[in-house]
Amino acid sequence: MMENLLIPPPPWVGRMDGTSSHHLRWHQAVAPLRDGAEPGACVFIGFSSDEGVERNKGRRGASRGPDALRSALSSMALAEPLRAYDAGTVAVTDNRLEAGQEALGAVVAATLDAGQFPVVLGGGHEVAFGTYLGLAQAAVRTPRKRVGILNLDAHFDLRSDPVPSSGTPFRQILEREHAAGTTLQYSVLGISQPSNTTALFDTARGYDVRYLLDDECSVSDRHRVAVFVSEFLSDVDLVYLTIDLDVLPAAVAPGVSAPAAYGVPTETIQFVCDAVAASGKLAVVDVAELNPSFDIDNRTARTAARFLHRIVTKRIPIVG
């Protein structure tokens, strides 16, 4: 299945100021993933999918997100050399979302088992179930290690729809964990009250979901945000960080499936990303809902690329 859905990575291209380490940019550091690539490297994995967004009655376009993220990251300057590879893109075709999620999970699990750091480029937020499957299948996920998912998002994505979509992944994850008899902490930062029904808030309480509302995440709320993130990190051993770009204000992130009327400031999201990257617990990260069709001046892609740049360059590897 993975062989049928995984397509080779596109070339990374960008501005060239020189070939020394003092002139290094991302496109000069990233190479196609090869067998035997060294542990500790960052591995980009694309997930090209509109299917979940369409099932959730959203606007199409997120399938082009992975290449837009690669393009936005390519010319960013690297202060120090690093090891980075591109595994290619899992492409969801013919409405085969579930097959695509399983294929993504297989690539993420293989990357983790090789001792590398998977960075998944979505795609709609249905990417989350595939990323989770990879972490759940990897050797690093042992019974004694508690997994935490930190979702930076305006939405809970806990819908109980009979057909999986971009609105259901975290309910699917929590139900799978319950069926397996394992535990997982799901926390969300940036929830928009007008974008989530009372039924969704009730569902969140039923699953013991911890959350902060978007209007509790301003720059002046830094202490509240810091405590929320610190308490989350102290309760878990392995972290899966997922960034839905609709958590940002529409002026910053117009190119998303569902632009935010209010949103969480870039400064707050960057602060959270830095804290998680420095925790020594971050196992995998993904970015969701970039829709290049609506991205004015590539604002959304550039902002997302900056988050990924900081996460990868500041991340402390997991030990033990």
- prompt: Please, which pairs that meet side-chain hydrogen bond (donor to acceptor under 3.5 Å, both in side chains) have at least one residue in residues 119-139, sequence neighbours excluded?
  reply: Ser49-Glu126, His125-Asp153, His125-Asp157, His125-Thr242, His125-Asp244, Thr131-Asp286, Tyr132-Arg176, Tyr132-Glu177

message: Considering only residues two or more places apart or on different chains, which pairs with a residue in residues 78-93 satisfy side-chain hydrogen bond (donor to acceptor under 3.5 Å, both in side chains)?
response: Trp12-Asp86, Arg34-Tyr85, Glu38-Tyr85, Arg70-Asp86, Arg70-Thr89

Under the salt bridge (charged side-chain N to carboxylate O under 4.0 Å, His left out) rule, collect the residues that match up with [X], sequence neighbours excluded.
| X | answer |
| --- | --- |
| Arg222 | none |
| Arg25 | Asp17 |
| Arg171 | Glu175 |
| Asp202 | Arg205 |

query: Which of these, Leu282, Thr111, Val43, Ile318, sits in a side-chain contact (heavy atoms from CB on, under 4.5 Å) with Phe117?
result: Leu282

message: Between Asn291 and Ser293 (side chain of the first, backbone of the second, donor and acceptor by atom type, cut-off under 3.5 Å), is there such a pair?
response: yes

Flag the pair [X] / [Y] as yes when at least one side-chain heavy-atom distance between them is below 4.5 Å, and no otherwise.
| X | Y | result |
| --- | --- | --- |
| Leu233 | Ser230 | no |
| Leu112 | Arg141 | no |
| Ile269 | Leu248 | yes |

query: side-chain contact (heavy atoms from CB on, under 4.5 Å) with Glu216: which residues, sequence neighbours excluded?
result: Leu212, Leu213, Arg224

message: Taking side-chain contact (heavy atoms from CB on, under 4.5 Å) as the definition, give me every residue that meets it alongside Thr168, ordered by chain and number, with sequence neighbours left out.
response: Arg159, Asp161, Pro164, Ser165, Gln172

- prompt: Can you pull the ring pair (Phe, Tyr, Trp, His ring centres under 6.0 Å) pairs that have at least one residue in residues 177-201, sequence neighbours excluded?
  reply: Phe156-Phe201, Phe170-Tyr186, Phe201-Tyr211

message: Filter on ring pair (Phe, Tyr, Trp, His ring centres under 6.0 Å), then keep only pairs touching residues 213-255, sequence neighbours left out; what's left?
response: none

message: Restricting to side chain to side chain donor-acceptor pair (under 3.5 Å), what partner residues turn up for Gln28, sequence neighbours left out?
response: none

message: Show every salt bridge (charged side-chain N to carboxylate O under 4.0 Å, His left out) that has at least one partner inside residues 257-285, sequence neighbours left out.
response: Asp274-Arg310

